[in-house]
Amino acid sequence: MSYEQTGGRLSSTRIAFIAMFSTLAGILYILNFSMPFAFPSFLEFKLSDIPILIGAFTLGPSAGGIIVVVEILIKLVVKGTSTMFVGELSDLITSCAFAVTAGLIYKNKRTFKGALLAMGVGTVVEVTLAIIVNRVILVPFYLTVFFGGNWQPLIGLMQPLFPSCTQETFYNFYLWASVLPFNLLRCAVAIIVTLLVYKRISRLINSVNRKIYGKQDRDEVKSKKINIAIIIVAAVIVALLVTFALLRYFVFD
């Protein structure tokens, strides 16, 4: 039984795969890395968009959004935040824009052309929001909170790649020569990997669904009880992640 045949409901199988993708995304999110030879060192490349996009395609757009939220919670619990949650908020917005948008389009047009369209539109939405968020939220926040209104530290981080960068030209270099290509590359990597592995993972999920539901259909009441129990456990785990993330920031840091 496929995702479409289950009506997108939160079955035990679907929750299990969401948990698997969320854990993988969380690990990859923690392992972010910079590429100072191509982009400013404070822009960290994350491969966690790959399991997020695959999850949105195989399990639906809502699953993609859940995976984004859980990966960020995992990162906050394990690593904490160095940006007062603003960096994580930015990643939440851009990752959801990419995966959820793509998942919504693909949900209604499940063909190869539909997948390409979904990924293309998701990329446009993600890149557009990344530029807006950086211009309106991130740079003003860092400039005010971390640098006391002093532009020089930000300009100094840009000058190894763009020696002629000044306060007047900062946004031109940062938004159009850094944020734009950086996020295009991020989306492109996730798209290429997803196109290579999506069908295999989708077949695996559908195969597991058929086996599980083939047995559960014999006892619908028991099936519903199991699903409710799993949903409650999942909700408790998410609540614990939120609690530990807040404790880490407000108590232990």
Which atom names give the shortest non-hydrogen contact between Val125 and Ala97, and what distance separates them?
CG1-CB, 3.8 Å
Hey, are the side chains of Phe85 and Leu89 touching, using non-hydrogen atoms and a 4.5 Å cut-off?
no
Please determine whether residues Val100 and Leu59 belong to a single hydrophobic cluster, defined as Ile, Leu, Val, Met, Phe, Trp and Tyr linked transitively by side-chain heavy-atom distances below 4.5 Å.
no
Look at the side-chain heavy atoms of Ile, Leu, Val, Met, Phe, Trp and Tyr, link any pair under 4.5 Å apart, and say whether Leu180 and Phe39 land in one connected group.
yes
Determine whether Tyr106 and Leu117 satisfy the following criterion, side chain to side chain contact (heavy atoms under 4.5 Å, CB included), listing intermediate values before the conclusion.
CA-CA 8 Å; Tyr106 185 66; Leu117 174 65; over 6 Å; no
Give the intermediate values and the outcome of side chain to side chain contact (heavy atoms under 4.5 Å, CB included) for residues Lys46 and Ser95.
CA-CA 10 Å; Lys46 64 191 192 83; Ser95 291; 2.8 Å; yes
As an exercise, state the distance from CE of Met119 to OG1 of Thr101, rounded to the nearest 0.5 Å.
13.0 Å
Thr58 and Phe21, any side-chain heavy atoms less than 4.5 Å apart
yes
Nearest non-hydrogen partners of Val133 and Ser90, listed with the distance
CG1-OG, 3.6 Å
Checking ring-ring contact (aromatic ring centres under 6.0 Å, His included) against Tyr174, which of Phe162, Phe42, Phe182 comes through?
Phe42
Consider only side-chain heavy atoms of I, L, V, M, F, W and Y, link residues closer than 4.5 Å, and tell whether Leu195 and Leu53 are in one cluster.
yes
Student check: side-chain heavy atoms of Leu43 and Ser178 closer than 4.5 Å
yes
Can you name the nearest heavy-atom pair linking Ser22 to Ile74, along with the distance?
O-CD1, 3.7 Å
Is there a path of hydrophobic side-chain contacts, each under 4.5 Å between heavy atoms, that joins Ile27 and Val69?
no
Between side-chain atoms of residues 141-148 and protein atoms elsewhere (two or more places apart, or another chain), which donor-acceptor pairs fall under 3.5 Å?
unit_1, atom_1, unit_2, atom_2, d
Thr144, OG1, Pro140, O, 2.9

Thr94-Asn183 side chain donor-acceptor pair, cut-off 3.5 Å:
no
Under the salt bridge (charged side-chain N to carboxylate O under 4.0 Å, His left out) definition, can you give me all pairs with a residue in residues 124-152, not counting sequence neighbours?
Glu126-Arg186
Tell me the closest heavy-atom pair linking Ala115 and Phe57, and the distance in Å.
CB-CE2, 3.8 Å
Residue pairs meeting ring pair (Phe, Tyr, Trp, His ring centres under 6.0 Å), one or both in residues 110-129, sequence neighbours left out, come to none
State, to 0.1 Å, how close Ala99 and Ile52 come at their nearest heavy-atom pair, and which atoms those are.
CB-CG2, 3.3 Å
Side chains of Ser48 and Glu71, donor plus acceptor under 3.5 Å:
yes
What residues form a side-chain contact (heavy atoms from CB on, under 4.5 Å) with Ser34, not counting sequence neighbours?
Pro36
Roughly how far, to the nearest 0.5 Å, is the CD1 atom of Ile18 from the OG1 atom of Thr23?
11.5 Å
Are the side chain of Thr111 and the backbone N or O of Gly114 linked by a donor-acceptor pair below 3.5 Å?
yes
State, without any angle test, whether Tyr29 and Asp91 hold a side-chain donor-acceptor pair at a distance under 3.5 Å.
yes
Taking ring-ring contact (aromatic ring centres under 6.0 Å, His included) as the definition, give me every residue that meets it alongside Phe37, ordered by chain and number, with sequence neighbours left out.
none
Phe17 vs Met20, test: side chain to side chain contact (heavy atoms under 4.5 Å, CB included). Steps then yes/no.
CA-CA 5 Å; Phe17 277 101; Met20 182 185 71; 3.4 Å; yes
Taking a hydrophobic cluster as the set of Ile, Leu, Val, Met, Phe, Trp and Tyr residues connected by side-chain heavy atoms closer than 4.5 Å, whether directly or through intermediates, do Ile54 and Val189 fall within one such cluster?
yes
Between atom CG of Leu129 and atom SG of Cys96, what is the distance when rounded to the nearest 0.5 Å?
10.5 Å
Looking only at atom types and distance, does a side-chain atom of Gln159 sit under 3.5 Å from a main-chain N or O of Cys165, one as donor and one as acceptor?
yes
Minimum heavy-atom separation for Pro40 and Met158, please, with both atom names.
CG-SD, 3.4 Å
Distance col, row Leu47:CG vs Leu28:CG, nearest 0.5 angstrom, shows 6.0 Å
Interatomic spacing from CD in Glu168 to OG1 in Thr166 - rounded to 0.5 Å:
4.5 Å
Note, Ile191 side chain near Phe98 side chain (heavy atom, < 4.5 Å):
yes
Run the side chain to side chain contact (heavy atoms under 4.5 Å, CB included) check on Leu175 and Tyr171 step by step: do they pass?
CA-CA 5 Å; Leu175 296 179; Tyr171 282 115; 4.0 Å; yes
May I ask you to decide if Tyr198's main-chain N or O and Ser202's side chain share a donor-acceptor pair within less than 3.5 Å?
no
Verify the distance criterion only: is there a donor paired with an acceptor across the side chains of Thr81 and Lys75 at less than 3.5 Å?
no
Using a cut-off of 6.0 Å, state whether more than 12 heavy atoms not belonging to Trp151 lie near its atom CH2.
yes
Could you list all the salt bridge (charged side-chain N to carboxylate O under 4.0 Å, His left out) pairs where at least one residue sits in residues 17-41, not counting sequence neighbours?
none
